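Here the structure comes first, spelled out in structure tokens, and everything after it is commentary.
In this chain, residues are counted from 1 in sequence order. This structure is a prediction, so every number in the text was calculated from the model and none was measured.
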Amino acid sequence: MSAVDQKPNQDAVSDEGVSKTSAVDRAVEQIRGLIAERELTIGDALPTERELSEQFQIGRNTVREAMQVLRAFGIIETRPKVGAVICGGQSEALKRLFSFHQGISPESFRDLQDYRRIIEIGVGDRILMKAKDEDIDHLSTINARMLSSKTAEDAARHDFEFHEALVALSGNRTTVAAYRMMRPVIEEIMLIGKTERPTQSATYEAHEEIIGALRERDRIAYAYLVSRHLEFGLRFVVKT
């Protein structure tokens, strides 16, 4: 029996009043963070419950309940002789949530872009406070990939990578993990108009303007430019 399994009160309410529910929620975030940190993709196996328990120093029951939460959201599934693996269920669930199986409506577009606006503008102050000049230079390096995109899918992937790196500059792992979970639907939005080369160039230029605002440490310009950029794709959405 491991040292972790010998902690009878690990999942109980602590002296600080942390409930078991809070412990499970925290474990879910830790596992999501691990998935993001290791860049696990569909089909990749997660560590065993025992390994997760030992790594995070939490009880096996808490890990088991956290895994059940992740299964419920379609993030993982259990396969015989393999254990828990990353699955694509969350992608289809998110697409259904935003009605992407019926095409992208203006309402779905605005809902998702509002989510992104809350995140990407919301982290602005932290980015301006934490980001170094070399971090901002790295954004330009990532953005340059837009110009070498050969397909719409390449362009959407490079677009997402830029915005993901932008959010990551906040230094908040939970925010980054949540943003990455939305990748399937965000990239679906980013595909809009990407078949046109001028759109790819316009995206590149919009990113460079955002980078410029960060270099100038101009919070107001940053918020305005991000918001304007997120509205750009609406012109390509066919109204239903």
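Asp125 and Lys130 are not joined by a salt bridge, as no carboxylate oxygen comes within less than 4.0 angstrom of a charged side-chain nitrogen. Taking the charged nitrogens against the carboxylate oxygens, Asp154 and Arg157 do have a contact shorter than 4.0 Å, which makes a salt bridge. Ion pairing between a basic and an acidic side chain is recognised when a charged N comes within 4.0 Å of a carboxylate O; Arg173 and Glu29 show no such pairing. Salt-bridge annotation for Glu161 and Arg145: present, with a side-chain N of the basic residue lying under 4.0 Å from a carboxylate O of the acidic one. Asp159 has no carboxylate O lying under 4.0 Å from a charged side-chain N of Arg183, or vice versa, which leaves the two without a salt bridge.
Here the side chain of Asp114 pairs no donor or acceptor atom with the backbone of Asp111 at under 3.5 angstrom. Proximity of a side-chain donor or acceptor of Gln113 to a complementary backbone N or O of Leu230 within less than 3.5 Å is detected. With Glu54 contributing its side chain and Glu51 its backbone, the two residues share no donor-acceptor pair below 3.5 Å.
Between Tyr204 and Phe162, the ring centre distance reaches or exceeds 6.0 Å. Aromatic pair His163/His229: ring centres closer than 6.0 Å.
Inter-residue side-chain proximity for Arg126 and Leu169 is flagged as unmet; no heavy-atom pair is nearer than 4.5 Å. Arg116 places a side-chain heavy atom less than 4.5 Å from the side chain of Tyr179. Counting only heavy atoms from C-beta outward, the side chains of Leu52 and Gln30 never approach each other to under 4.5 Å.
Put simply, Ile35 and Val28 are part of the same group of oily side chains (I, L, V, M, F, W, Y) that touch within less than 4.5 Å, one to the next. Cluster annotation: Ile86 and Ile31 are assigned to the same hydrophobic cluster (Ile/Leu/Val/Met/Phe/Trp/Tyr, side-chain heavy-atom contacts under 4.5 Å, transitive).
Using modelled atom types, one finds a donor on one side chain and an acceptor on the other under 3.5 Å when comparing Ser227 with Arg117.
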